[in-house]
*Asks:* 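Provided herewith is a single structure, encoded as structure tokens, for subsequent inquiry.
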Amino acid sequence: MNRAYIQKMQVIMNKELLVYFTTPIAYIVFSAFLLSTGFYFFILSPFFFFGQAEMREFFHALPAIFSIAVPAVTMRLFSEEKHTGSLEILMTLPVTNYDVIVGKFLAATVFTSVMLVPTVIYVITVAMVGSLDPGPVIGGYLGAVFLAATFSAVGVFASSMSRNQIVAFIIGVGICVSLTLIDYFLFFLPVKLVDFFQHLGANYHFKNIARGIIDSRDILYFLSVMALAIMGTEKIISDRSTV
Amino acid sequence: MISVSNLTKMYGDFTAVNDISFTVRKGEITGLLGPNGAGKTTTMRMLTGYLTPTSGTVNMGEYRIDEHPLEVKKTIGYLPESVPIYGDMIVKDYLEFVRNLRELEGDTRIREIAELCGIEEIMHKSVGELSKGYRQRVGLAHALIHDPEILILDEPTSGLDPNQIVEIRNIIKEIGKKKTVILSTHILPEVEATCDRVIIISEGRIVQDGYVNQLRSSFDNETVIRISLTGPNYDELAGLLKNLPGILEVREVEGTPDFTSAELRLPGDVEVRPDIFRLCVEKGWVLYEMKRETFALENIFRELTQGGEQ
């Protein structure tokens with residue numbers, strides 16, 4: 001990949017980030033995310049009940065919260081372009097489909113990762129009252145970034161499927177929630193299938209990383225889902241009859 | 001500069017563009033003229049690489065669009081009809097975004113283009129807040145920022161007020177002196193005012209292709225006279241008119257309930273108006289209107305594009 005490609009992706013990414021940080025929708029999602037994680041962390045988690053100095057409950061809730069928050073961030077990325085017709089202007093500029101898709105995906109990943117930054121306050125709070133094991137926290141945040149990126153790719157894919165943002169949001173939530181919940185429904189399955197389906201779930205791989213164990217299989221899982229979603233998006237975007 | 005051969009686009013069973021071929025030379029302003037739904041926008045979208053043709057090829061300069069889409073996109077500036085530029089960006093940010101994607105550097109070009117398109121005073125406004133006229137100019141600035149060799153404009157003056165139309169046309173004409181411009185329109189005066197050459201499209205096919213002045217003179221050898229009078233009914237009138245020397249065709253004109261109206265088609269060098277006058281006097285009819293029309297582009301257009309509907 002030569003420099004020009006990276007530059008163009010960067011231009012697209014910067015433009016999307018500029019729009020994110022200058023329009024209200026992003027701040028609404030941002031606030032909702034912090035409210036829900038804060039609520040979970042301070043009200044529901046055993047932090048104050050049991051005085052346990054750990055972040056486990058916060059990371060435990062993260063996949064479910066991300067399943068809704070990330071599609072809300074990504075829903076406009078292609079839907080809006082299709083709806084207003086700006087995709088025509090964008091695609092007739094000297095860019096490739098992948099420049100556009102990866103640029104938008106990176107913007108969503110950066111934005112959702114930035115949403116995690118204020119949650120460091122929770123870490124500080126916990127660290128002040130007890131001795132915090134840094135391993136799971138670092139692993140948790142690393143996993144969270146992978147999760148954010150994966151759900152962003154899924155969200156971009158969902159956004160390319162409809163010119164209606166609400167529809168794109170629902171498709172995105174549908175896929176992300178499925179990836180999260182597979183883990184919880186495994187006991188319905190025959191034992192032989194459990195192992196297979198377990199590996200399909202994002203939650204399973206996220207939990208592995210969040211335990212502080214970095215396994216290449218988990219990383220590979222996230223990268224595969226991202227690649228699949230990005231290639232799927234490219235298929236949809238290059239077929240203009242859907243625009 | 002541009003050569004299009006056997007271009008066809010099908011949407012399912014519907015043929016939007018049917019086997020069209022044409023070439024455009026450098027330094028020409030070419031108008032794609034046709035009624036709504038004739039296939040102009042589809043043609044332009046294929047020229048810009050946005051749509052892939054069902055069959056046929058497009059060459060822009062030295063590149064085939066399906067083989068070197070990026071190079072072609074670099075040579076052209078394109079403005080779609082509805083000017084779908086990002087509403088939630090300010091004009092300056094938007095033009096910088098386009099500049100960066102076009103791999104240009106520095107702010108001088110943005111200042112130049114803002115001056116050319118007359119948008120200097122709205123550079124810090126949000127695109128979504130602009131009036132239609134300013135929006136169109138920002139769109140034009142978007143298409144012109146890299147000083148393209150080929151400029152493709154889809155209905156560049158639609159929705160503008162008469163003053164804005166004149167301004168946009170002047171900008172296009174100025175650019176057309178050095179660059180190749182293709183614009184589409186369904187408004188005839190636009191072609192007469194701006195274009196050197198016109199390609200008339202109807203139902204996805206090219207029905208006429210020629211230079212505007214040539215086209216005009218080729219139809220000059222025919223004139224149309226339109227008369228409205230009271231006295232006879234149409235059949236009586238037509239019967240008598242057909243006997244006048246040189247008349248090629250007599251047609252009834254509908255929509256004038258108080259008068260009997262007819263249109264006569266005849267060779268350009270035949271003069272029948274004195275005969276019509278004398279006929280009226282002789283019969284005691286009252287002549288309300290008699291008008292001689294040279295065969296304007298409008299008639300050519302109507303004749304060529306309405307054939308299918310009749």
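A note on names: the letters A, B, ... follow the listed sequences, proteins ahead of strands, and every chain is numbered from 1.
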*Asks:* With a 6.0 Å cut-off (strictly less than), is the heavy-atom count around CD of B/Glu105, excluding the residue itself, greater than 12?
*Replies:* no
*Asks:* From B/Thr48 OG1 over to A/Met91 CE, what is the distance, rounded to the nearest 0.5 angstrom?
*Replies:* 12.0 Å
*Asks:* For a side chain to side chain contact (heavy atoms under 4.5 Å, CB included) with A/Pro94, tell me which candidate from B/Glu71, B/Glu103, B/Lys73 qualifies.
*Replies:* B/Lys73
*Asks:* Which distance, rounded to the nearest 0.5 Å, do you find between the CD of A/Glu88 and the CE of B/Met44?
*Replies:* 10.5 Å
*Asks:* Is it the case that over 12 heavy atoms from other parts of the model lie below 6.0 angstrom from the NZ atom of B/Lys132?
*Replies:* yes
*Asks:* If you count heavy atoms of other groups shown closer than 6.0 angstrom to CZ of B/Arg205, is the number above 12?
*Replies:* no
*Asks:* Checking B/Asp88 against A/Thr22 for the side-chain contact (heavy atoms from CB on, under 4.5 Å) test, could you report, in this order, the C-alpha distance in whole Å, the side-chain angles of both residues, the deciding distance, and whether it holds?
*Replies:* CA-CA 8 Å; B/Asp88 41 19; A/Thr22 51; over 6 Å; no
*Asks:* Examine whether an atom of A/Leu18 lies under 4.5 Å from a heavy atom of chain B, and if so say whether it belongs to the side chain, the backbone or both; otherwise answer neither.
*Replies:* side chain
*Asks:* Report yes if some heavy atom in the side chain of A/Leu90 is under 4.5 Å from a heavy atom in the side chain of B/Tyr86; otherwise report no.
*Replies:* yes
*Asks:* Can you measure from CD1 (A/Ile12) to CZ (B/Phe97) and round to the nearest 0.5 angstrom?
*Replies:* 4.5 Å
*Asks:* Given heavy-atom pairs under 4.5 angstrom as the criterion, report whether the side chain, backbone, both or neither of A/Val19 touches chain B.
*Replies:* side chain
*Asks:* Report yes if the side chains of B/Tyr50 and A/Leu87 come closer than 4.5 Å at any heavy-atom pair, otherwise no.
*Replies:* yes
*Asks:* So A/Lys8 and B/Leu101, do their side chains get closer than 4.5 Å, heavy atoms only?
*Replies:* yes
*Asks:* Step through the shown structure and confirm whether more than 12 heavy atoms of other residues, nucleotides or ligands are within 6.0 Å of CD1 on A/Ile121.
*Replies:* no
*Asks:* What's the separation between atom CD1 in A/Ile89 and atom CG in B/Leu79, rounded to the nearest 0.5 Å?
*Replies:* 6.0 Å
*Asks:* Taking the side chain as every heavy atom from C-beta outward, state whether A/Thr92 and B/Ile76 have any atom pair closer than 4.5 Å.
*Replies:* no
*Asks:* Can you tell which part of B/His142 gets under 4.5 Å to a heavy atom of chain A, answering side chain, backbone, both or neither?
*Replies:* side chain
*Asks:* Below 4.5 Å, heavy-atom pairs only: which of B/His146, B/Glu96, B/Arg102 has the largest tally toward chain A?
*Replies:* B/Arg102
